Amino acid sequence: MKILIVTTIYKIDGHPELFHDTEAVHYLVKPLVDFGHQVKVIFIYRQNILKKLTAQIRYKGDEVSSNEYFYNCDGVDVALCKVILYLKSLWNIGSGTSKKVANFIDRYLKESDFTPDVCVSHVPSATVDIWKYLKLDVPMIGVLHESDVQIMSKHRNVVGMMESTYSSLYARSSSIRDRARNFTSVKDEIVYSGVDIPEKTRMSRNDDKLVILYVGKLIKRKRLDYLIRALSKVSSSVNFKLEIYGEGDFEESLKELCNSCLNDDQYTFYGTRPRNEIFDAMYQADVFCMTSVNETLGLVYLEAMACGCIVVGSRGEGIDGIVKDGVNGILVSPDSIDEISNAILKIANMSLEERERYVSAAKETMSYYTEEKASEHYMSLIENNIDPELLARLS
């Protein structure tokens, strides 16, 4: 089957001046090639004008990519089309730019001699304007992410545009699905992610410190400041070490907060590290805590669960449903420092047997969330939208 993926989030190989957000869609798509399908990805890379200027200054002297960039990522052909957003509040790329992107897609498909059998659009609300200028006579599927729900709640006109464009809408989590149903019809099935983690033996430590891990961008919506304040409330009763991996605009503020709230030996900022080092850190940590808001899912939760961490996540966000409170992890209100501190206290006071029960339940959950199983499920949802006679010919 020939599958066209259109997305505003994808893995970037090369070009460090391009902000790298999440690889979640790539990990869904790349096994489809292994299954024998032909896949092309159109990556509509939206760049805020201020970040573009910052990148040009930071990488002065290095190659700064043009508005088009073509690369192969783990066997998947990717065509990146860069568009500039002059206002941060813009929810879509605008009619003029949409027409240019439509022409880019049309030209790329013709030059690649690629006629898709189906088109899947991730973050469909942001790019729905494109399909005014490019008509593909194939099933059109939309996969809703967290930002789609926010856009639909603020811009009701986009709902009608999406309903007239996409034959089916799915969601990336049960939370997104349930909230999106306030505005439009969404299928029951979830387009969930999976992760593959190298098997390792968890490393034993000689100390009794509770090692708490955070991995992610250091930005405001991740609510790392809430965790730091929560830890300051229990610092006299819990022997802990907070390990922070990542970079972001909020980094200096977070360092100042740690300096004022915690002792020097209670936290460390490690910056950005390769995935294998992150996995090593997860295998040594006791707790992974990220109580972010507006989170589609977050592969890092799944990775931490697979590595044997007890996960503390946000109630009502993307991870809610995979993490079941009191069973395979703990869910808290992302707005409550007290709930976060109580979760840390609860874990610190658990017996070894109780911790093992959480870890075992999390690993059992993760046995259903491998990359291969997630992609097989993703492919089955795509096939559900194909005419049975065509599907039989393509098989």
Side-chain angles (χ1 to χ4, degrees), residues 202-216 218 222-246 250-251 253-271 273 278-293 295 298 300-301 303-315 317 319-320 323-363:
R202 281 187 62 80
M203 302 178 186
S204 58
R205 301 192 312 273
N206 294 324
D207 59 68
D208 61 350
K209 280 188 177 180
L210 187 74
V211 177
I212 302 164
L213 187 66
Y214 171 88
V215 179
L218 304 185
K222 295 291 186 177
R223 299 290 176 90
L224 180 54
D225 53 329
Y226 282 61
L227 172 60
I228 294 167
R229 295 182 191 281
L231 290 174
S232 71
K233 293 187 66 174
V234 300
S235 60
S236 61
S237 55
V238 177
N239 184 13
F240 67 85
K241 175 68 178 295
L242 173 61
E243 298 185 345
I244 300 168
Y245 289 82
F250 211 34
E251 185 171 349
S253 296
L254 292 169
K255 286 180 177 178
E256 290 175 7
L257 182 62
C258 281
N259 186 53
S260 64
C261 291
L262 305 176
N263 298 327
D264 289 346
D265 62 349
Q266 290 180 318
Y267 69 92
T268 302
F269 284 80
Y270 289 94
R273 290 287 190 270
I278 298 297
F279 293 151
D280 287 343
M282 287 179 172
Y283 272 110
Q284 294 183 66
D286 301 297
V287 181
F288 175 82
C289 185
M290 186 169 77
T291 55
S292 52
V293 295
E295 191 77 56
V300 69
Y301 291 110
E303 292 167 344
M305 291 170 74
C307 288
C309 296
I310 298 177
V311 165
V312 179
S314 297
R315 189 183 306 117
E317 296 291 333
I319 195 61
D320 190 344
V323 170
K324 295 178 170 56
D325 187 39
V327 178
N328 60 3
I330 297 175
L331 296 173
V332 298
S333 166
D335 299 317
S336 174
I337 291 172
D338 285 342
E339 286 195 28
I340 299 169
S341 62
N342 288 339
I344 299 300
L345 277 172
K346 179 178 179 178
I347 297 169
N349 292 325
M350 283 181 184
S351 64
L352 180 60
E353 291 75 16
E354 191 174 4
R355 286 193 195 182
E356 284 299 323
R357 179 176 64 78
Y358 273 83
V359 170
S360 295
K363 288 191 172 184

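Residue numbers run from 1 in the order of the sequence given. Source: prediction; values computed, not measured.
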Taking only residues two or more places apart in sequence or in another chain, which ones pass salt bridge (Lys or Arg N to Asp or Glu O under 4.0 Å) with Glu303?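 Glu303 satisfies salt bridge (Lys or Arg N to Asp or Glu O under 4.0 Å) with Arg275 once adjacent residues are dropped.
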Lys/Arg-Asp/Glu bridge criterion (N-O < 4.0 Å) met for Lys209, Asp286: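 Not counted as a salt bridge, because no side-chain N and carboxylate O are separated by less than 4.0 Å.
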Grab the two heavy atoms, one from [X] and one from [Y], that are nearest each other, plus how far apart they are.
| X | Y | result |
| --- | --- | --- |
| Lys363 | Ala306 | CE-O, 3.6 Å |
| Cys307 | Met282 | CB-CB, 3.6 Å |
| Val359 | Gly308 | CG2-O, 3.3 Å |
| Asp325 | Leu331 | OD1-N, 3.0 Å |
| Phe288 | Cys309 | N-CB, 3.9 Å |
| Leu218 | Glu251 | CD1-CG, 3.7 Å |

Using atom types as modelled and distance alone, determine if a side-chain donor or acceptor of [X] lies under 3.5 Å from a backbone N or O of [Y].
| X | Y | value |
| --- | --- | --- |
| Ser360 | Arg357 | no |
| Glu339 | Val332 | no |
| Glu317 | Glu295 | yes |
| Ser314 | Val293 | no |
| Tyr301 | Met290 | yes |
| Arg273 | Ile278 | no |

Distance in Å, [X] [atom1] paired with [Y] [atom2], rounded so as to fall on 0.5 Å steps:
| X | Y | atom1 | atom2 | value |
| --- | --- | --- | --- | --- |
| Thr291 | Asp335 | OG1 | CG | 9.0 Å |
| Ser292 | Arg223 | OG | CZ | 9.0 Å |
| Ile228 | Lys255 | CD1 | NZ | 11.5 Å |

Taking the side chain as C-beta and beyond, is there a heavy-atom pair between [X] and [Y] under 4.5 Å?
| X | Y | value |
| --- | --- | --- |
| Ser237 | Leu345 | yes |
| Arg355 | Ile310 | yes |
| Tyr226 | Ser336 | no |
| Leu254 | Ile244 | no |
| Phe240 | Ile344 | no |

Would Leu242 and Leu227 count as a side-chain contact (heavy atoms from CB on, under 4.5 Å) here? Give the steps. CA-CA 10 Å; Leu242 173 61; Leu227 172 60; 3.9 Å; yes
Evaluate Lys233 against Arg229 for side-chain contact (heavy atoms from CB on, under 4.5 Å), listing each step before the verdict. CA-CA 7 Å; Lys233 293 187 66 174; Arg229 295 182 191 281; over 6 Å; no
Is NZ or CZ of Lys222 both nearer than 6.0 Å to the six-membered ring centre of Phe250 and within 45° of the ring axis?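 Output no; distance or angle outside limits.
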Which pairs with one or both residues in residues 259-270 pass side-chain hydrogen bond (donor to acceptor under 3.5 Å, both in side chains), sequence neighbours excluded?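 Checked against side-chain hydrogen bond (donor to acceptor under 3.5 Å, both in side chains) - neighbours excluded - the pairs reaching residues 259-270 are Lys241-Thr268.
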What pairs with Asn328 under side chain to side chain contact (heavy atoms under 4.5 Å, CB included), at least two apart in sequence or on another chain?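 If we apply the side chain to side chain contact (heavy atoms under 4.5 Å, CB included) test to Asn328, skipping adjacent residues, the hits are Met305, Val323, Lys324, Ala361, Ala362, Thr365.
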Derivation of the side-chain contact (heavy atoms from CB on, under 4.5 Å) call for Ile212 and Val312: CA-CA 10 Å; Ile212 302 164; Val312 179; over 6 Å; no
